[in-house]
Amino acid sequence: MAEAAAPSGERAVRRWVAGAGQSGLRVAIFLLAPSVFVLSIGPFLPEWLRIVPQEWAAPFVGWINAAVEVLRREEMLGLFTFRDVTRAIANLIDYPLDFVEAILVAGFSESVPGLPWIAVTGLAVVLGWYLQGRQLGIIAGVCFAYMAIFGKWELSMVTLSVVLVAAPIAGAIGVALGIVAYKKRWFEALLWPILNVMQALPHFSYMIPVAIFIGIGHKAGTIATIIFAFPVMARLTILGLKGVSPEVREAGIMAGCTNRQMLWKVELPAARPTLMVGVNQVIMLCLAMVVLASFVGAKGLGHDLLNRLRSLWIGQALEIGVVIVFMAIILDRLSQAWARKEPEHMREGPFHVRHPFLAVGAAVVVVSYILAAFVPALQLWPKSLSITTAPLWDAMIDYIIVYAFDYLELIKDTLLVHVLIPMRDLYLLLPWSALLVFAVTLGWYYGGWQVAGIQALFALYLAFAGYWERTLITAYMVSFAVVVCVIFGSVVGIWAAAGPRRTKVVELILDTFQTFPSFIYLIPAIMLFNVNDFAAIMAIVIYATIPTTRLTIFGLRTVPHDIVEAAITSGCTPRQVLWKVRMPLAFPAIMLGINQTIMYALFMVVIAAFIGTTDLGQEIFRSKADNNAGQSLVVGLCIAFMGLIADQLINAWARERKKVLGLE
Amino acid sequence: MERKALDAKIACRSVWKLYGRDPEGFLAAHGGNPPDGAIAADGYIPAVRHASLEVFPGEILVIMGLSGSGKSTLVRCLSRLIEPTAGEVLFDGQDLLKIPAKELIEIRRHKMGMVFQHFALLPHRTVLQNVAFPLEVQGVERATREKRALEIIDLVGLKGRDGYYPRELSGGQQQRVGIARSLAVEPDVWFLDEPFSALDPLIRREMQDEFLRLQTMLRKTIAFITHDFDEAIRLADRIAIMNEGRIVQIGTPEELVTRPADDYVANFTRDVAREKLLTVASVMEPQADGEALSDGVVRQTDKVADVARLIVASELPLRVADDSDRIVGIVSRARVLDMLFSREPGPGG
């Protein structure tokens, strides 16, 4: 495609590169030679080609801070500042927040209490049963009962109320933006890159601007959550609307729909499956963010988890972690069941026959209130009866430390001294010009001049933002973690793809792990390795292995059946089938998995900075302490652009490769 | 043909649909009729080239062609789902391409119905709501539209399924819903875009019969697309054959079989069981003086297959009569056997 349009000189280069014979090797040499060359002459390069001197660095931080200052202090039209506006909007969020919280737990007044915990738990059972079946109802009931009995009810309901308020708002904003983008080309062209950057920005980059314009507190956390969660909905709305089959759209036109009727009666309902994927993701992102938003003062589970981790009360932290995990599992299951729920024709009869679940739900609420009026323990589980598992966890950790400490230390020290530190020193020698050459060569080859140009912009930003060394340290941690993830993930993936039963088990585990908010993964890392680079890398590895494993399985399982059969009838041994047929065909999918692994690792690296690393994440933390919005955004963009460089190159490569293999 | 273009319910004149950078400018530069070489050289993709046809009231016109021949695009030009690059589309003598959007919506709401290959049902609506949908968007009140929808659901043989959702139905049943929906507004013109292609052969046959049954009751003006020549022959009053965006030939099934315009058409007609399609008229010879004839008489409008046994059983040729019982010729055993076994084109051409 790109070749047809290319000028003849470019075509000649491409033809030479992809020439007959050892073309794979030739392509690799051609693509890597320029950057290897720059790298090898690195020591002889002038200083400014290696690290941009501080006085040349673009004062992005200063610009942004100046802009923030203007928005904060200067009055528009002489009446109010921009900050006044944002604070006024933020105050509106208090109404739904207070309302939902009052229903779930806090109550409206002394005489009108919130729902008793048995009512909420009962409703969860009814909802699960309605959406999928008895099994999900029981799971939902167990999860909610656990929260009450283990003394985390109030914290859980506060967190849940933020999710219940933030998710619909984020969803509505996303759908609205998606609709406009679908209708107006120019708006989509504008929105799409912004969404790309927003989704690559680490969680914390949202928090400082929010804190500045809204202040620290519960509602700031809610707003940060909304901002963090809406891009995915906007993106999926656009995809969903574009994916409506042309025939369905034509059927709408032929029925004589006006534009408005088309949108509301035909296109949006027909896009429901994609929109529901968005709903599920928005809910999960909201939960992940609300846990982290405790850094800007959101109340709930995240807040307590943060405090426990800060004081290294690992047992109690683990206990809260388990509740968050339960919350994640149940929100994910319920929203997925809702997405899969298809309409069925209704039975005839009176109300309770036509709507059995509504009737039971109402009955649950009424009965719960009556029971709770007589038995207070059913309103709120008493503290004296709460079970705590913290001592158990603490004992376990003590045991590990007593018996395994020496080995763990040994592993850690060996890796640090012989692998990690040398690797870091090596990375620090990397000149920015080599990255630029690398990104542009690959971008040009796989995506043409446009991609090469964007790659150049990303690389130049990294070089001139003034954080090159920190960028390199981040790159070293991420790349080490990614290598471990890829080895581990592909091995597990290959093992799991060997049979349907293995696949099912591993996928269930992956699905469950993926729903956990990333913050959770810090707990075991800190627990085992205390606070250092190694623990951070451990946390990244646990979290970021998931996508590679998942897509390895997917790639291997979706190799067309007849090709595998052809290989078997050609006399391939199982090993040959795997390495000569299935792996090459699965490779594009695996690469996309690695791509996601890189993105996950970059997200996690920032969160891991919480346990004391020296990379860009740490800079974001420092900027948070100083309320330095400019720095947090500039550093956040560094992380985003690192991710986007990898993302764009890998996607361009995978598209090309899939086309060659005819897999699309 | 005795019918005039003016009588056509829907017609198109010199319709073009080109895809490319500036199709209008390109067509204008070549005086509205660019040669094939120029189209390819300038990188334009022609979906429909210079197509003209008429569909007369109550007629089934089948538009036949292989995939990529432009038949779907042409039908979408007729309903203006696709904007033609040039040409005119006449609906009741009015140029559809010149009327404002609002009026076009009105015409679609009241005068056109369309059935789609993959049914295009709205998955979130019941059968009843799907069928009532075109009435709903017009603003017909609920009781009225549901009454009307139930009548049509009944008509297409889905009584009792009105509360089901599309995914709860089989493919054939889903297409019955599609048909019911397109008939809900009692349209004059009915477009069917490969309506039975996605169905199993047995169900397809059943649906074709169902379609013919409906048409004998309703007498709609129909443009029916298919890539299946047998289906075309079974259903059509006339067939338009398309190739590479062009209409190669329009005619009755009999005309296509006996006088194919080119090899492309002949390729389709070669394997047709012509004795079931052709009438005695196509194998009839003039009566020579003094020839010995059998006593039997057949009508010139009889299908050959229906009277073949009679003719072959007779040593001598039979007389052929027209509708007013006048003898217009003779038919011999040899001619019928030729037709049955050699599959050579009949003498008509």
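Within every chain, numbering begins at 1; the chains are lettered A, B, ... in the order of the sequence lines, protein sequences first and strands thereafter.
In this structure, the separation between CG on A:L268 and NE2 on B:H124 is 9.5 Å, given to the nearest 0.5 Å. The CG atom of B:L81 sits 12.0 Å away from the CZ atom of A:R249 when rounded to the nearest 0.5 Å. Atom CD1 in A:I253 sits 11.5 Å away from atom CZ in B:R80 (nearest 0.5 Å). Considering CZ of B:R125 and NZ of A:K265, their distance stands at 5.5 Å, rounded to 0.5 Å.
Contact annotation for B:R167: only side-chain heavy atoms (C-beta onward) come within less than 4.5 Å of a heavy atom of chain A. For A:Q261, the part sitting under 4.5 Å from any heavy atom of chain B is the side chain, from C-beta outward, and nothing else. For B:L122, the part sitting under 4.5 Å from any heavy atom of chain A is the side chain, from C-beta outward, and nothing else. With a 4.5 Å cut-off on non-hydrogen atoms, B:L121 touches chain A through its backbone but not through its side chain. Using a 4.5 Å cut-off between heavy atoms, B:F119 touches chain A through its backbone atoms (N, CA, C, O) alone.
Of all the listed residues (B:H118, B:K102, B:M114), the one sharing the greatest number of non-hydrogen pairs under 4.5 Å with chain A is B:H118. For chain A, the option among B:E168, B:M112, B:Q117 with the highest count of heavy-atom pairs below 4.5 Å is B:E168. Annotation: maximal heavy-atom pairing with chain A below 4.5 Å, among B:Q138, B:E136, B:R181, B:R76, occurs at B:R76.
Summarising the local packing, CD1 of B:I45 is surrounded by 12 or fewer heavy atoms from other residues, nucleotides or ligands at distances under 6.0 Å. Annotation for A:K242: atom NZ does not count as buried by contact number, only 12 or fewer foreign heavy atoms lying within 6.0 Å. The 12-atom threshold is exceeded at CD of B:E106, counting heavy atoms of other residues, nucleotides or ligands nearer than 6.0 Å. Surrounding CZ of B:F26 are more than 12 heavy atoms belonging to other residues, nucleotides or ligands, all under 6.0 Å away. Annotation for A:D562: atom CG counts as buried by contact number, over 12 foreign heavy atoms lying within 6.0 Å. Counting heavy atoms of neighbouring residues, nucleotides and ligands inside a 6.0 Å radius, atom CH2 of A:W192 exceeds 12 of them. For A:K183, the NZ atom counts as densely surrounded, since its 6.0 Å shell holds more than 12 non-hydrogen atoms of other residues, nucleotides or ligands.
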Next on the checklist: Quick one, B:S79 with A:M254, criterion side-chain contact (heavy atoms from CB on, under 4.5 Å). Give me CA distance, side-chain angles, the key distance, then yes/no.
Outcome noted: CA-CA 8 Å; B:S79 58; A:M254 289 305 288; 3.8 Å; yes
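Here the side chain of A:E247 pairs no donor or acceptor atom with the backbone of B:F116 at under 3.5 angstrom.
Contact between B:F133 and A:C257 at its shortest, heavy atoms only, is CZ-SG, 3.5 Å. Considering all non-hydrogen atoms of both residues, A:A255 and B:R109 come closest at O-CG, 3.6 Å.
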